[in-house]
Amino acid sequence: DAALLARVSGPVLFASTSLLLSAGTGLVACDLLARPLEQGVATLWLARPVGRGIYALSRLAGALGLGLTAAMLVLGGATALLAARHGLSPLPGLVGLAVHALDAAIVATLAMTVSLLLPRLLAFFVVLAWLQLVALANGSHMLGIGFGGWFGAIEHWGPPIGTALLYAVGPWVGLAPAPSEMFAVGLRLVAWLAGAIALLIWGVRRIEPR
């Protein structure tokens with residue numbers, strides 16, 4: 001049954017595509033700040049009355065603008081197709097798109113921060129490995145597979161990137177989390193984003209441009 005297959009595969013494909021788009025946004029973010037700092041171009045901007053924090057946030061906004069534009073086309077298009085061809089409600093897809101925006105912002109901010117310490121390509125692979133670990137921990141928790149040690153700590157204390165995505169599109173397969181659970185997951189995402197932005201601003205203020 002094509003409709004049943006769409007209901008089952010839709011959330012998985014939506015979440016997987018969202019993670020790939022977040023990784024792509026992180027790749028762009030790794031280059032947008034580290035490259036001008038290495039090449040000395042950033043000093044031309046910082047010589048003006050522009051603070052380092054504002055400069056870093058403007059570069060981050062550029063990376064997010066590119067990434068979210070691609071996400072609106074891909075994820076928005078997927079939601080429209082599922083609604084038009086299989087009669088699924090577009091609301092979970094729209095909520096998932098909002099969750100993706102938070103996820104991509106966290107990944108891009110952390111990638112930009114790590115790029116201040118490591119070469120850009122290495123920084124991207126570090127953030128990509130971290131994103132995969134977080135998604136794996138979230139997915140195993142959703143499936144009821146419990147892991148202890150540091151892997152369980154990732155699920156308990158890390159950003160619920162995968163969990164939030166599956167919660168958002170879960171109504172497509174009849175899985176509706178409690179509002180309190182959605183609120184707790186959203187609060188953790190916002191807290192991680194605020195912490196990542198603070199870490200980026202702190203890191204860029206400690207870097208001496210060439």
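We number each residue from 1, following the sequence as shown.
With sequence neighbours excluded, no residue forms a side chain to side chain contact (heavy atoms under 4.5 Å, CB included) with A129.
Checking L102, V185, D103 one by one against I161, the side-chain contact (heavy atoms from CB on, under 4.5 Å) holds for a single residue, D103. No option in S18, S22, P160, S16 other than S18 meets the side-chain contact (heavy atoms from CB on, under 4.5 Å) test with L165. Screening I54, D31, L64, L33 for a side-chain contact (heavy atoms from CB on, under 4.5 Å) involving R59 leaves a single residue, L33.
A distance of 11.0 Å separates CG in L88 from CG in L81, rounded to the nearest 0.5 Å. Put simply, CH2 on W172 and OG on S89 are 8.5 Å apart, with the number rounded to the nearest 0.5 Å. Annotation: the span from L60 atom CG to I197 atom CD1 amounts to 6.5 Å, rounded to 0.5 Å. The CZ atom of F124 lies 9.0 Å from the CG atom of L131; values are rounded to the nearest 0.5 Å.
Residues G62 and L32 come closest through the heavy atom pair C-CD1, 4.1 Å. Between A196 and L110 the shortest heavy-atom distance is CB-CD2, 3.8 Å. Nearest heavy atom pair, residue A164 against residue L189, reads CB-CD1, 3.6 Å. When every heavy atom of A56 is checked against every heavy atom of V204, the shortest pair comes out as CB-CG1, 4.0 Å. Contact record, T25 with A108: CG2-CB, 3.9 Å, taken as the closest heavy-atom pair. Taking all atoms of both residues into account, the shortest heavy-atom contact from A168 to V95 is CB-CG1, 3.8 Å.
Residues R205 and I201 have side chains in contact (heavy-atom distance under 4.5 Å, counting atoms from C-beta outward). Contact annotation: the side chain of P159 approaches that of W130 to within less than 4.5 Å [non-hydrogen atoms, C-beta and beyond]. Residues H100 and L68 meet the side-chain proximity criterion, which asks for heavy atoms closer than 4.5 Å. Using a 4.5 Å cut-off on side-chain heavy atoms (C-beta onward), F14 and T79 make contact.
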